[in-house]
Amino acid sequence: MGALAASVASRVPSGLSLAALASPGEIIRRASRLEEELKELLRVHGGGLAGAEQHGGGRQQTKERFLRAYERLKTELLNDRAFNFDFSEETRQWVAKMLDYNVPGGKLNRGLSVIDSYMLLREGTEVDDEDFYLACVLGWCVEWLQASALVLDDITDNAYTRRDNLCWYKLPTVGLSAINDGVLLKCHVQAIIKRYFKDKFYFLDLLELWSEIGLQTAMGQMLDLITTHTGAKDLARYRIQGYRRIVKYKTSYYSFYLPVACALLLNDAKLSDYIELKNVLIEMGVYFQIQDDYLDCFGDPEVIGKVGTDIEDYKCSWLIVQAMELANENEMKILYENYGKSDPQCVAAVKNVYKELDLQDIFLEYESRVYKHQVSTIDAEADRAIREILKIFLKKIYRRKK
C-alpha cells in the first residue's frame, strides 16, 4: 500500500463503527484506488497546483478576449450592411435580446476549445491579434451552432429550464417563434464564416466541414426523436448500439471534433491527416453524453443549471439502456409501467430501480475505465500538440458535475 493510501486508511476516526462504513480492507482498497487516480490525474493534467494557477491567469485573459469578440460579432450582425440585413429597430432589439439570452450564457467550453487547440498547434510561433481573433470567430461559430441546437432541442423535449433560466421558448413573449430563432442562429454561422474566411485558401474546406457537421448533428437529432417514439412502444428496443449511434451524431461531432477541426484548418492542416484524432474525440464525446445522462438523473439542478427530464421524455439514455440489461422481472415491470410519464411518483419509481441496480456505482466504474483508456491513448500520441489538446479536453470533462 502506498504512503497516501496508508495515511487515508489510518485516519478513520476510532469512535466510528467500521462496519457502518466499510471493512478495513475495503477502506484500504478505496484509498489505494484514490492514490492511483490522483497520480494519473496529475500526470494527464500536466503538473501540480502552481502550474494550474499560472495557467488560470492566461485562461481568464483568453476568456475576456473571447467575450469581447462576441460583442463585435453581434454588433456586425445587427448593423453591418455587408450582411444585407435591413433591420427595423424592433427586429434589431429582438435579435439582440435573442442572441444575448441564448449564445454566451453557457460554460463556453466548445468555443474556447477552438482557441486552446489553435494556440497549442501554433506553439513556438507568434500568434498576432488577427490570427487570435479568427480563432475567436470560429469559436463563437461553434457556440452559435450550440445555441441553435439547444433552442430547438428544448422545444422538442418540452424542457423547462436551461442554463439556470427558463428555456427561450418558455418566455411568454417568445413561444414557438423560437423555432425561427433557432434557424436564424444557424444561418448566422454561415454569414459569419463567409464574412471572415471567404478569401482564405481553406474556405472550401471550412464550408465542407460545417456542412458535414450540420448534417450529422441534424441526423443525430432525428435518430434521437425516432428512437424515442420506438422506445415508447417497447422499452426493450433501447440497446447500447442504438444509443451510441445517436450520441455519436447528435453530440460528439459538433461538441468535440468540430472545435479541433476548426483549429487544424486555421493552422493550414489537412483534416484527412487526422482521422485517428477524430476517432479519439468522438469517443470522448460519447463519454461526455453518458455523463450528461447520468447528471440528468442524479445531478443537482442547482449545479447543472436545468431540471432533468430524460425519464419523463422517454429518452433513450445510458441509464435506461443499462437498466434494461440488468433488471429482473419485477424491476422490468416497474420500468415499463413508469418510464416516460411526467407524474413525479412515476419518475421516483424509475429512479428507485436505478438505485437498486447500483447504476450510480456502475457509472463510476465506467468513468474510471474510460478515463484510464483515454490516458493510455493520449500517452501513446506522438505529436505533442495533439497530445496536449486531448489532455485539455479530458481535463474539462473528467468527473464533471455540470
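Along the sequence shown, residues carry numbers from 1.
- The main-chain N or O of G58 is found under 3.5 Å from a side-chain atom of T62 such that the two form a donor-acceptor pair.
- Put simply, the side chain of S117 never gets that close to the backbone of I389: no donor and acceptor are under 3.5 Å apart.
- Heavy-atom contacts from other residues, nucleotides or ligands closer than 6.0 Å to CD of E64 number more than 12.
- Under a 4.0 Å N-O distance rule, the pair D154/K306 does not qualify as a salt bridge.
- Judged by distance alone, with hydrogens and angles left aside, the side-chain atoms of N267 form no donor-acceptor pair with the main-chain N or O of A269 at under 3.5 Å.
- A pairwise comparison of heavy atoms in V114 and A135 identifies CG1-O, 3.6 Å as the closest pair.
- Minimum heavy-atom separation, S252 to V286: OG-N, 3.2 Å.
- Contact annotation: the side chain of M324 approaches that of M332 to within less than 4.5 Å [non-hydrogen atoms, C-beta and beyond].
- Within the model, atoms CG of L112 and CD of E143 stand 7.0 Å from one another, a figure rounded to the nearest 0.5 Å.
- Proximity of a side-chain donor or acceptor of R122 to a complementary backbone N or O of E126 within less than 3.5 Å is detected.
- The closest side-chain donor-acceptor pair between E283 and N279, if any, does not fall under 3.5 angstrom.
- Counting only heavy atoms from C-beta outward, the side chains of I290 and V370 never approach each other to under 4.5 Å.
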Intermediate values then yes/no, salt bridge (Lys or Arg N to Asp or Glu O under 4.0 Å), D116 and K396: CA-CA 12 Å; D116 291 340; K396 286 178 181 177; 3.4 Å; yes

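- Put simply, the residue from Y398, Y287, F256, Y257 that forms a ring pair (Phe, Tyr, Trp, His ring centres under 6.0 Å) with F393 is F256.
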Worked verdict on R384 versus E123 for side chain to side chain contact (heavy atoms under 4.5 Å, CB included): CA-CA 10 Å; R384 182 183 179 280; E123 196 169 56; 2.4 Å; yes

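- No side-chain heavy atom of F288 sits less than 4.5 Å from a side-chain heavy atom of V247.
- Between the side chain of D358 and the main chain of D361, no donor-acceptor pair closer than 3.5 Å is present.
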Derivation and outcome, side chain to side chain contact (heavy atoms under 4.5 Å, CB included), residues Q93 and E90: CA-CA 5 Å; Q93 289 177 6; E90 183 180 15; 5.8 Å; no

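- Rounding to the nearest 0.5 Å gives a distance of 9.0 Å between OG1 of T227 and CZ of R237.
- Considering V174, I179, T173, N180 as possible partners of S177, the one that fulfils the side-chain contact (heavy atoms from CB on, under 4.5 Å) test is V174.
- Side chains of R163 and L150 form a contact here, defined as non-hydrogen atoms less than 4.5 Å apart.
- Y354 OH to Q360 CD: the interatomic distance, rounded to the nearest 0.5 Å, is 12.0 Å.
- Side-chain contact of D310 with Y339: a donor-acceptor pair under 3.5 Å is absent, judged by distance alone.
- L319 and L359 make their closest contact through O-CD1, 3.5 Å (heavy atoms, listed as atom of the first residue, atom of the second, distance).
- Interatomic distance, K315 NZ to D224 CG, rounded to the nearest 0.5 Å: 3.5 Å.
- Within a 6.0 Å sphere centred on CG of D129, heavy atoms belonging to other residues, nucleotides or ligands number 12 at most.
- Using cut-offs of 30° and 60° for the angle between ring planes, the Y294 and F363 rings count as parallel.
- Of the possible donor and acceptor atoms, none in the side chain of E388 sits under 3.5 Å from a partner among the backbone N and O of A385.
- Atom CZ of R244 sits in a sparse spot, with 12 or fewer heavy atoms from other residues, nucleotides or ligands closer than 6.0 Å.
- With contacts defined as side-chain heavy-atom distances shorter than 4.5 Å, the pair I320/Y238 qualifies.
- Stacking of R162 on the aromatic ring of Y169 is not recorded, the 6.0 Å distance cut-off and the 45° axial limit not both being met.
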side-chain hydrogen bond (donor to acceptor under 3.5 Å, both in side chains) assessment of R92 paired with N79: CA-CA 9 Å; R92 182 178 288 106; N79 300 309; 3.3 Å; yes

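- In terms of heavy-atom proximity, I193 sits nearest to C141 at CG1-SG, 3.8 Å.
- Smallest separation of non-hydrogen atoms from K402 and R400: O-NH1, 2.7 Å.
- Remark: C136 SG to Y70 OH distance equals 14.5 Å, nearest 0.5 Å.
- S376 contributes no side-chain N or O that, together with a main-chain N or O of K372, makes up a donor-acceptor pair within less than 3.5 Å.
- Expressed to the nearest 0.5 Å, how far CG of D131 lies from CG of L266 amounts to 8.0 Å.
- Judged by distance alone, with hydrogens and angles left aside, the side-chain atoms of N102 form a donor-acceptor pair with the main-chain N or O of M98 at under 3.5 Å.
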R369 and E365: CA distance, side-chain angles, deciding distance, salt bridge (Lys or Arg N to Asp or Glu O under 4.0 Å) verdict: CA-CA 6 Å; R369 185 170 65 253; E365 291 172 3; 5.6 Å; no

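- By the neighbour-count criterion of 12 heavy atoms within 6.0 Å, atom OH of Y336 is densely surrounded, having more than that number from other residues, nucleotides or ligands.
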Side chain to side chain contact (heavy atoms under 4.5 Å, CB included) assessment of Y118 paired with L265: CA-CA 9 Å; Y118 179 64; L265 289 177; over 6 Å; no

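- In this structure, Q345 places its CD atom where only 12 or fewer heavy-atom neighbours from other residues, nucleotides or ligands lie under 6.0 Å away.
- Nearest heavy-atom pair, N109 versus S113, reported as atom, atom and distance to 0.1 Å: O-OG, 2.6 Å.
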Ring pair (Phe, Tyr, Trp, His ring centres under 6.0 Å) between W140 and Y133, worked out: CA-CA 10 Å; W140 278 115; Y133 181 69; over 10 Å; no

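- Side-chain contact, Q146 with Y254: a donor N or O sits under 3.5 Å from an acceptor N or O.
- The backbone N or O of A236 lies less than 3.5 Å from a partner atom in the side chain of D234, making a donor-acceptor pair.
- Under the 4.5 Å side-chain criterion, counting only non-hydrogen atoms from C-beta, M119 is in contact with F132.
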Audit row: F197, L134, side chain to side chain contact (heavy atoms under 4.5 Å, CB included) steps and yes/no: CA-CA 9 Å; F197 298 97; L134 289 179; 3.9 Å; yes

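- In this structure, the side chains of K391 and L120 stay at 4.5 Å or more apart for every pair of heavy atoms.
- Heavy atoms from other residues, nucleotides or ligands lying under 6.0 Å from CG of L176 number 12 at most.
- Side-chain contact check for L264 versus K270: every heavy-atom pair is 4.5 Å or farther apart.
- Formation of a donor-acceptor pair under 3.5 Å by the T251 side chain with backbone atoms of G285 is not found in this model.
- Note: Y249 and Y253 have tilted aromatic rings, judged against thresholds of 30 and 60 degrees for the angle between ring planes.
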